There are 2 protein chains.
Amino acid sequence: MSSEQLAELAGVNAAKVRKDLSYLGSYGTRGVGYDVSELVDEIAHELGLTQDWPVAIVGLGNLGRALANYRGFGARGFRIVALVDADPDKVGGSVGELDIESIDDLGAIVADRNVAIGVIATPAGVAQEVTDRLVDAGVGSILNFAPAVVTVPDGVSLRKVDLATELQILSFYQQHRPTPTPLVDAGAPTPPATAVQATRRR
Amino acid sequence: MSSEQLAELAGVNAAKVRKDLSYLGSYGTRGVGYDVSELVDEIAHELGLTQDWPVAIVGLGNLGRALANYRGFGARGFRIVALVDADPDKVGGSVGELDIESIDDLGAIVADRNVAIGVIATPAGVAQEVTDRLVDAGVGSILNFAPAVVTVPDGVSLRKVDLATELQILSFYQQHRPTPTPLVDAGAPTPPATAVQATRRR
DNA sequence: CTCTGTGAAATTTTTCACAGCG
DNA sequence: CGCTGTGAAAAATTTCACAGAG
């Protein structure tokens, strides 16, 4: 597959694809393109996806349950090894194959199962406390879904997914839409809309 | 509050805060700083958050239910006005205050309730089809949680939240962590770790 | 001939640094 | 004085464009 095709699929410039891939090394063949399975392997290796990263989910409300059931994790090599909650009513219950354990046992759980990544799906109010507990237990990466800013010490990675922020960004574009409702004949070649775009290609 | 303080809270450079805010106009007071509530109002206005953007959620598996129950949406002015699924067993059920309706009624639902934003929480396999249906119905912004790349016509905004991608990014940093497990005396000033950081400040 | 890999150019983003307002 | 607003500089990112490998 050529950089041109990859670029089309990703919605970016072909030169960017080539430049980015060049940082991995020279895995393309001039005049031909890239071997996709080779690329997949190389990228997986570079991203550390060939290793097994045990994941613990803290907080088993609706979002935590959704994440626990999310099949996309296993598919990409992330193994959920623990579900932890503070609510005594939830502890002892289970989601899928896994039992819900008490956050008081976090230290032992992280140590025993080598938890590398902690996912926070708790209410905002306890997010920082949970983060601190995870860090103290030795977890090196945190993915925070709680609508709260949390801080971590140097050396710990932190990412935040804020669902409301995503909607706010859409709202911005929605407000700046070329036409509030594009009342164009179905079948017309293409609406003349060309303005600020959140959209990628086509 | 000064740009310095705002920058500290956001984990960015103070000049960047000032430069960014300057695009809204001149809402600061020299020698003093910014009036936070004024900033909140101005930013809300610029982002279109003073308007009401009706949201429809398509797909009511675990993730869809979590999103439907997510209190952060209402708190920031997004009103969920419809829950839609293709599964006849789910249609007629409800989540919170809202009934689950059939995707076959999508056109009427979008038109009646002025749905502006569609949230896709379906399996990957039907994400493109659902996207097309939403766009045909007149929805101008799409937030895609399905682990699938979907395309939209020009003039429609699209954002994607990929949970597994977030983990992959963490995995990358985890793999490049300064020390696998920072075995530093608790109480030591600060671990000497200084390397590639996903972390913001402190 | 086609398509990669990559210097160099163009563009965008971020930071510096300071005039000047309150 | 202290802190904003902003030109100008610096840095980072993206794109161009083309030599040269296959």
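Note that the structure is predicted; figures quoted are calculated from it, not measured. Worth knowing before you read on, the calculation uses all heavy atoms, side chains too, and leaves out hydrogens, waters and symmetry mates. First the proteins, then the strands, lettered A, B, ... as listed; each starts at 1.
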- Note on the structure: Whichever of A:Ser22 and B:Arg30 has the more 5' nearest nucleotide on DNA chain C, that residue is A:Ser22
- Item | With A:Asn13 via side-chain hydrogen bond (donor to acceptor under 3.5 Å, both in side chains) - residues at least two apart | none
- Query: Tell me: CD of B:Glu4 to P of C:dT15, nearest whole Å?
  - Reply: 12 Å
Show the atom names and distances, to 0.1 Å, of all donor-acceptor pairs under 3.5 Å that link a side chain in residues 53-66 of chain A to residues at least two apart or in another chain.
{"from": "A:Trp53", "atom 1": "NE1", "to": "A:Gly48", "atom 2": "O", "distance (Å)": "2.8"}
{"from": "A:Trp53", "atom 1": "NE1", "to": "B:Ser171", "atom 2": "OG", "distance (Å)": "3.0"}
{"from": "A:Arg65", "atom 1": "NE", "to": "A:Leu60", "atom 2": "O", "distance (Å)": "3.0"}

At a cut-off of 3.5 Å, list every protein nitrogen or oxygen paired with a nitrogen or oxygen from nucleotides 11-17 of chain D, distance to 0.1 Å.
{"from": "D:dT14", "atom 1": "OP2", "to": "A:Lys16", "atom 2": "NZ", "distance (Å)": "3.3"}
{"from": "D:dC16", "atom 1": "OP2", "to": "A:Asn13", "atom 2": "ND2", "distance (Å)": "3.2"}
{"from": "D:dA17", "atom 1": "N6", "to": "A:Arg18", "atom 2": "NH2", "distance (Å)": "3.0"}

- Message: With a cut-off of less than 4.0 Å, is there a side-chain N or O of A:Tyr34 near OP1 or OP2 of C:dG5?
- Response: yes
- Output all residues satisfying salt bridge (charged side-chain N to carboxylate O under 4.0 Å, His left out) with A:Lys19, sequence neighbours left out; order by chain, then residue number. none
- Considering only D:dT4, D:dG22, C:dG5, which nucleotide approaches the side chain of A:Thr29 most closely? D:dG22
- All pairs passing salt bridge (Lys or Arg N to Asp or Glu O under 4.0 Å) where residues 128-150 of chain B contributes a residue, at least two apart: B:Asp104-B:Arg133, B:Glu129-B:Arg133
In a table with atom names and distances, give each donor-acceptor pair under 3.5 Å that connects a side chain of residues 33-40 of chain B to protein atoms at least two apart or in another chain.
{"from": "B:Asp35", "atom 1": "OD1", "to": "B:Ser37", "atom 2": "N", "distance (Å)": "3.0"}
{"from": "B:Asp35", "atom 1": "OD1", "to": "B:Ser37", "atom 2": "OG", "distance (Å)": "2.9"}
{"from": "B:Asp35", "atom 1": "OD1", "to": "B:Glu38", "atom 2": "N", "distance (Å)": "3.1"}

- Task: Please list residues of residues 35-43 of chain A whose heavy atoms come under 4.0 Å from any atom in DNA chain D, ordered by number; otherwise none.
- Result: none
- Quick check: does any side chain N or O of A:Glu166 sit under 3.5 Å from a backbone N or O of A:Leu163, one acting as donor and the other as acceptor? no
- Can you list every pair that meets side-chain hydrogen bond (donor to acceptor under 3.5 Å, both in side chains) and has a residue in residues 106-124 of chain B, with sequence neighbours left out? B:Glu101-B:Arg113
- What integer distance in Å separates B:Leu24:CG from D:dG5:C1'? 13 Å
- Item | Partners passing side chain to side chain contact (heavy atoms under 4.5 Å, CB included) against B:Ala124 (at least two apart in sequence or in another chain) | B:Pro147, B:Ala148
